[in-house]
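Let me begin by presenting the structure, written as structure tokens, before commenting on it.
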Amino acid sequence: MATIAQAADAPEKPQWRTSPTASEALDAFFREHPEARPVHTQRWDVSRSDIYVEDTWGPIFAEMRAQEPINKVTGTPYGDYWNITSHKAIQHVESLPDLYSSSWEYGGITISDPDWEKMLAEPEEERFQLPMFIAMDRPKHTGQRRTVAPAFTPAEMVRMEQDIRMRTAELLDSLPRGEVFDWVDKVSIELTTGMLAILFDFPWEDRRLLTFWSDWAGDVELSLARPLDDERRSVLHEMAAYFQQLWNQRANEDPKPDLISMMIHSPAMNQMSPMEFMGNLVLLIVGGNDTTRNTMSGIIHALDKFPDQRKLFEQRPELIPNAVQECIRYQTPLAHMRRTATEDSDLFGHAIKKGDKLILWYLSANRDEQVFDDADKLDITRENARRHLAFGYGIHRCVGARLAELQLRILLEEMHKRRMRVHVAGDVERVRANFVHGFRKLEVEITSF
Ligand code: HEM
């Protein structure tokens, strides 16, 4: 495993403005090597990304929930896996974390497996592996989660609220009126990276690096294009080098309330290796990035698709907290998490074998008609919107959920204060992925209500 010192050999100033983003690199790769494109032949192989980019996943999951909510598909580009599609079954699996593991040692938390052969062939000191607590089991997970949890307490949310509100207000005031622009780039990315920069006290002028790194770190489809491994690795090295500098700087200063300083000065840090520290920083960047960003875009898209709900939001701002939950349910910005069985078991009558891969489709659970009436409709008055599983469930339930909710609430409140109505007015491009569920581009125009 590489040390941070080795990682710090990367160039001091990353060339991010000229480098391709992860999805651009992936698109280019498949254009040049069409033969490498994964071939999916089965209807219930919902690992194929075309159904997310074309937004046609709904009926397929509905079919599975009706006919066989737990089913196994074999021989896919991601190997064999179980589809777990109902709300009840996902909660059940997540409530047994020792039996259904999140650990990277068994394959981690996404549908793509590590390239074990290549990894094991590399000398250990050259492997660049970032251990993150989202991909660990108890007891290690418990200790590391505890290190970052204090940054997300209700008191911390109060402390951060003013700053986030100010940045959101400033940004909304700067948006053009009567002109079509891309909401993803101008608002969702800007606000999300801004929030992470506040959380880490990260240099403001470099904040878009967080987006760039996060895209490379979190793109599951990259595992289908192994020749891009080296490019990905060099981006991660750049990131590690940058954080190494921040770390050195903060370690020599008095404790401050930012997350990096909090982690450095926490007693639990003594038990964390430098690479674990780095891994957990990356986890916070990736965890807080695509998710909140895509909900911010999802809110706009959903309110435009359901004008009656937009009207309700405009007339009854007291519904905003519930609207936030409903929009998170409706968007579900992470389509799945994965678990691996550590023992043979029976799952509601299905024989799960040790080593089997279980894919928990949150996207499907949040449309489960057994739990949510008229689940395909956005309903900001929905009484049980909070029962969505977009943040997961159990010991790994999203540690940043409060912060995400705060940001989304502030966005809606500040839009409301400005009597802003946002219309979809041009191209809508979705992310081509089975993990991150969201928008690459969302062209809009602002009017007033
Ligand atoms: C709408 C926004 C968000 C969504 C939908 C979301 C979703 C998720 C999900 C599904 C998990 C895994 C849960 C499980 O396995 O049961 C997770 C874990 C996590 N999330 Fe979030 N997340 C969001 C925002 C954030 C933010 C803002 C941060 C921090 C800045 C964050 C940091 C994390 C971390 C550190 C974990 C690992 C928790 C653990 O393993 O104990 N997330 N999130």
Side-chain angles (χ1 to χ4, degrees), residues 84 90-97 100-104 108-110 130-152 156-157 160 164 188 191-200 202 210 214 217-218 258-260 262-263 276 279-299 324-340 358-363 365-366 388-411 435-438:
I84 316 292
I90 291 179
Q91 269 192 344
H92 179 81
V93 169
E94 291 218 55
S95 62
L96 297 168
Y100 303 118
S101 164
S102 296
S103 176
W104 62 273
I109 49 127
T110 74
L130 289 175
M132 306 176 183
F133 66 86
I134 197 169
M136 288 178 195
D137 292 336
R138 294 185 288 199
K140 229 176 164 192
H141 164 263
T142 320
Q144 299 208 356
R145 182 172 165 123
R146 239 177 239 149
T147 329
V148 302
F152 301 97
E156 274 303 297
M157 296 304 106
M160 273 190 274
I164 295 177
S188 309
L191 286 181
T192 312
T193 46
M195 183 271 303
L196 287 172
I198 293 171
L199 193 64
F200 294 123
F202 188 87
L210 296 169
S214 154
D258 72 82
L259 198 46
I260 299 181
M262 264 164 97
M263 283 169 79
E276 279 175 333
N280 286 328
L281 273 184
V282 176
L283 169 60
L284 288 158
I285 297 169
V286 180
N289 216 318
D290 290 312
T291 49
T292 318
R293 177 205 307 179
N294 284 309
T295 314
M296 287 182 173
S297 306
I299 285 180
V324 166
Q325 295 305 326
E326 174 65 353
C327 289
I328 296 173
R329 179 194 74 86
Y330 190 78
Q331 178 58 33
T332 312
L334 289 183
H336 78 262
M337 281 280 152
R338 169 248 184 97
R339 297 293 185 264
T340 311
L358 286 76
I359 308 302
L360 316 177
W361 292 105
Y362 297 138
L363 207 50
N366 287 345
H388 71 75
L389 292 182
F391 289 126
Y393 183 78
I395 64 166
H396 286 280
R397 186 180 189 271
C398 179
V399 81
R402 265 196 211 106
L403 181 57
E405 288 163 357
L406 174 69
Q407 273 186 285
L408 298 167
R409 175 169 62 76
I410 290 176
L411 175 61
F435 184 63
V436 170
H437 179 234

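Every number for a ligand or one of its atoms is a count from 1 in the order of the listing. Remember, it's a predicted structure, so these values are computed and weren't measured experimentally.
Considering backbone and side-chain N/O of Thr295, none are found under 3.5 Å from N/O of ligand 1. Between Arg145 and ligand 1, at least one N/O pair is under 3.5 Å apart. Note: an N/O pair closer than 3.5 Å links Glu94 and ligand 1 by distance alone.
Contact annotation for Ile109 and ligand 1: no heavy atom of the residue comes within less than 4.0 Å of the ligand. Counting heavy atoms under 4.0 Å from ligand 1, residue Leu283 touches it through the side chain alone. Looking at Tyr393 against ligand 1, only its backbone comes within 4.0 Å, counting heavy atoms. At a heavy-atom cutoff of 4.0 Å, ligand 1 is contacted by no atom of Gln407, backbone or side chain.
Remark: distances from the non-hydrogen atoms of Asn280 to ligand 1 are all 4.0 Å or more. Contact annotation: Ile328 has no heavy atom less than 4.0 Å from any atom of ligand 1. Within the 4.0 Å heavy-atom shell around ligand 1 one finds His141.
A donor-acceptor pair under 3.5 Å links the side-chain atoms of Asn280 to the main chain of Phe133, judged by distance alone. In this structure a side-chain-to-backbone donor-acceptor pair under 3.5 Å is present from Arg338 to Thr110. Within the 3.5 Å criterion, the main-chain N or O of His141 finds no donor-acceptor partner in the side chain of Arg146. Counting only distance, with no hydrogens or angles, the side chain of Thr292 and the backbone of Asn289 share no donor-acceptor pair below 3.5 Å.
The nearest heavy-atom contact from the protein to atom 10 (C) of ligand 1 is Ala390 O, 3.2 Å. Scanning the protein heavy atoms around atom 15 (O) of ligand 1, the nearest turns out to be Arg339 NH2, 2.8 Å. In terms of protein heavy-atom proximity, atom 13 (C) of ligand 1 is closest to His396 O, 3.1 Å.
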Checking Glu405 against Arg402 for the salt bridge (charged side-chain N to carboxylate O under 4.0 Å, His left out) test, could you report, in this order, the C-alpha distance in whole Å, the side-chain angles of both residues, the deciding distance, and whether it holds?
CA-CA 5 Å; Glu405 288 163 357; Arg402 265 196 211 106; over 6 Å; no
Go through the steps to decide whether His336 and Tyr362 satisfy the test ring-ring contact (aromatic ring centres under 6.0 Å, His included), and finish with yes or no.
CA-CA 5 Å; His336 78 262; Tyr362 297 138; 8.4 Å; no
For a side-chain hydrogen bond (donor to acceptor under 3.5 Å, both in side chains) check, start with the C-alpha distance between Asp137 and Ser101, then their side-chain angles and the critical distance, and finish with the verdict.
CA-CA 7 Å; Asp137 292 336; Ser101 164; 2.6 Å; yes
Steps toward side-chain contact (heavy atoms from CB on, under 4.5 Å) verdict (Phe152, Leu199)
CA-CA 10 Å; Phe152 301 97; Leu199 193 64; 4.2 Å; yes
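Close contacts between ligand 1 and Phe133 involve ligand atoms 35 (C), 37 (C), 38 (C), 39 (C), 40 (O), 41 (O) [criterion: under 4.0 Å to a heavy atom].
Aromatic rings of Tyr393 and His396 (six-membered ring for Trp) have centroids beyond the 6.0 Å cut-off, not under it.
The line from CE of Met132 to CE of Met136 is 9.5 Å long, rounded to the nearest 0.5 Å. Taken from OG1 in Thr332 to CG in Asn294, the straight-line distance is 11.5 Å, to the nearest 0.5 Å.
Partners of Arg339 by side chain to side chain donor-acceptor pair (under 3.5 Å), not counting sequence neighbours, listed by chain and number: Glu94, Ser102.
By the criterion of a separation under 2.8 Å, the protein N/O/S atoms near atom 21 (Fe) of ligand 1 amount to Cys398 SG.
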